[in-house]
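What you are looking at is a predicted structure, and each value in this text was computed from that prediction instead of being measured.
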Amino acid sequence: MKNRLIYNFFSDDDFLRISGQIKKSELTTSGEIRISIREKRSMLEFKKEIRQLAEKEFKRLGMNNTRDKTGILLFLLLGERQFYILADEGINSKVTVDTWDMIRDEIQERFRNGKFAGGIIHGIERVGKILADHFPIKSDDRNELSNKVIVN
């Protein structure tokens, strides 16, 4: 069965809840939040750091093309139990790395307790509030990127 590992962590209902939280969080910000979950690395990626994998996925999803450079990716590598929060330059010009580290730690705590969907949803809520503070919704805002969870 394709993506068998992913169903040890998430159900289809979880993906709907996560997408729903992205949609809800984006109602108050011009930022764009994406979730990408991969089961494992490709053979060509074994020597790459998790950040490099997240950067590649960020570009693959077109997140570097948002109008105000306000895309943020939560990238999970399930097989290695790693994840990375990657924000575009517009966000990083206003939000410190310490902020993402704090959210990372909060998500990891939930993961340790087996609450994988809950951890992601919490992360989206926290990211959404920070984005809303720094990048409030604009009158001409449109949803630039899908809210669907990407699973590879």
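Side-chain atoms of Ser93 come within 3.5 Å of backbone atoms of Gly90 as a donor-acceptor pair (strictly under, hydrogens ignored). Distance alone, capped at 3.5 Å, is enough to place a donor-acceptor pair between the Asp14 side chain and the Ser11 backbone. For Lys40 (side chain) and Leu78 (main-chain N/O), no donor-acceptor pair under 3.5 Å exists by modelled atom type. The backbone N or O of Glu26 lies less than 3.5 Å from no partner atom in the side chain of Thr29, so there is not a single donor-acceptor pair. The closest donor-acceptor contact from the side chain of Arg38 to the backbone of Leu53 lies at 3.5 Å or more, if one exists at all.
Under the 4.5 Å side-chain heavy-atom criterion for grouping Ile, Leu, Val, Met, Phe, Trp and Tyr, Ile130 is connected to Ile91 within one hydrophobic cluster. Leu5 and Leu74 fall within the same hydrophobic cluster, defined by Ile, Leu, Val, Met, Phe, Trp and Tyr side-chain heavy atoms under 4.5 Å apart, directly or through other members. Met102 and Val95 sit in two unconnected hydrophobic clusters of ILVMFWY residues. Membership requires side-chain heavy atoms under 4.5 Å apart, directly or through other members. No path of Ile, Leu, Val, Met, Phe, Trp and Tyr side chains, each step under 4.5 Å between heavy atoms, connects Ile33 with Tyr84, placing them in separate hydrophobic clusters. Follow the hydrophobic side-chain contacts under 4.5 Å out from Ile35 and you reach Tyr7 in the same cluster.
At least one side-chain heavy atom of Phe15 sits less than 4.5 Å from a side-chain heavy atom of Val151. When side chains are defined from C-beta on, Arg81 counts as touching Phe9, because their heavy atoms get closer than 4.5 Å. Using a 4.5 Å heavy-atom threshold, the side chains of Asp105 and Gln108 count as touching. Residues Leu86 and Met63 form no side-chain contact, since every pair of their non-hydrogen atoms from C-beta on lies 4.5 Å or further apart.
For Arg60, the CZ atom counts as densely surrounded, since its 6.0 Å shell holds more than 12 non-hydrogen atoms of other residues, nucleotides or ligands. Around atom CD of Glu106, more than 12 heavy atoms belonging to other residues, nucleotides or ligands sit under 6.0 Å away.
Here the closest heavy-atom approach between residue Leu145 and residue Asn143 is recorded as O-OD1, 2.9 Å. Looking at every heavy atom in both residues, Ile6 comes nearest to Glu39 through N-OE2, 2.9 Å. The shortest non-hydrogen separation linking Glu144 to Glu32 is N-OE2, 2.9 Å. Looking at every heavy atom in both residues, Phe111 comes nearest to Phe83 through CE1-CD2, 3.8 Å. Closest heavy-atom contact between Arg104 and Ile85: N-CD1, 3.9 Å. Here the shortest heavy-atom pairing between Ala87 and Trp100 reads CB-NE1, 3.9 Å.
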Ser36 vs Glu57, test: side-chain hydrogen bond (donor to acceptor under 3.5 Å, both in side chains). Steps then yes/no. CA-CA 8 Å; Ser36 178; Glu57 184 70 351; 2.6 Å; yes
Chi angles and distances behind the side-chain contact (heavy atoms from CB on, under 4.5 Å) call for Gln52, Glu45: CA-CA 9 Å; Gln52 292 172 299; Glu45 296 172 332; over 6 Å; no
Between Leu76 and Ile120, does the side-chain contact (heavy atoms from CB on, under 4.5 Å) criterion hold? Intermediate values first, please. CA-CA 10 Å; Leu76 285 79; Ile120 302 254; 3.5 Å; yes
Tell me, with the steps shown, if His122 and Lys115 meet side-chain contact (heavy atoms from CB on, under 4.5 Å). CA-CA 10 Å; His122 173 78; Lys115 296 180 181 2; over 6 Å; no
The test is salt bridge (Lys or Arg N to Asp or Glu O under 4.0 Å); show your working for Lys129 and Glu125 and say whether it passes. CA-CA 6 Å; Lys129 287 176 184 164; Glu125 289 172 346; 5.6 Å; no
Stepwise side-chain contact (heavy atoms from CB on, under 4.5 Å) check, Leu61 with Phe75: CA-CA 12 Å; Leu61 296 174; Phe75 177 77; over 6 Å; no
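Note that the CZ atom of Arg126 and the CD1 atom of Ile107 stand 9.5 Å from one another [nearest 0.5 Å]. We find the CG-CD distance between Leu73 and Glu55 to be 10.5 Å, quoted to the nearest 0.5 Å. For the atom pair NZ (Lys24) and OG (Ser19), the distance works out to 14.5 Å, reported to the nearest 0.5 Å. Note that the OG atom of Ser25 and the CD1 atom of Ile121 stand 10.0 Å from one another [nearest 0.5 Å]. From Leu77, atom CG reaches atom CD1 of Ile50 across 4.5 Å, with rounding to the nearest 0.5 Å.
Take Phe135 and apply the ring pair (Phe, Tyr, Trp, His ring centres under 6.0 Å) test, not counting sequence neighbours, and it matches no residue.
Membership of an apolar cluster is not assigned to Ile137, as no side-chain contact below 4.5 Å to another ILVMFWY residue is traced.
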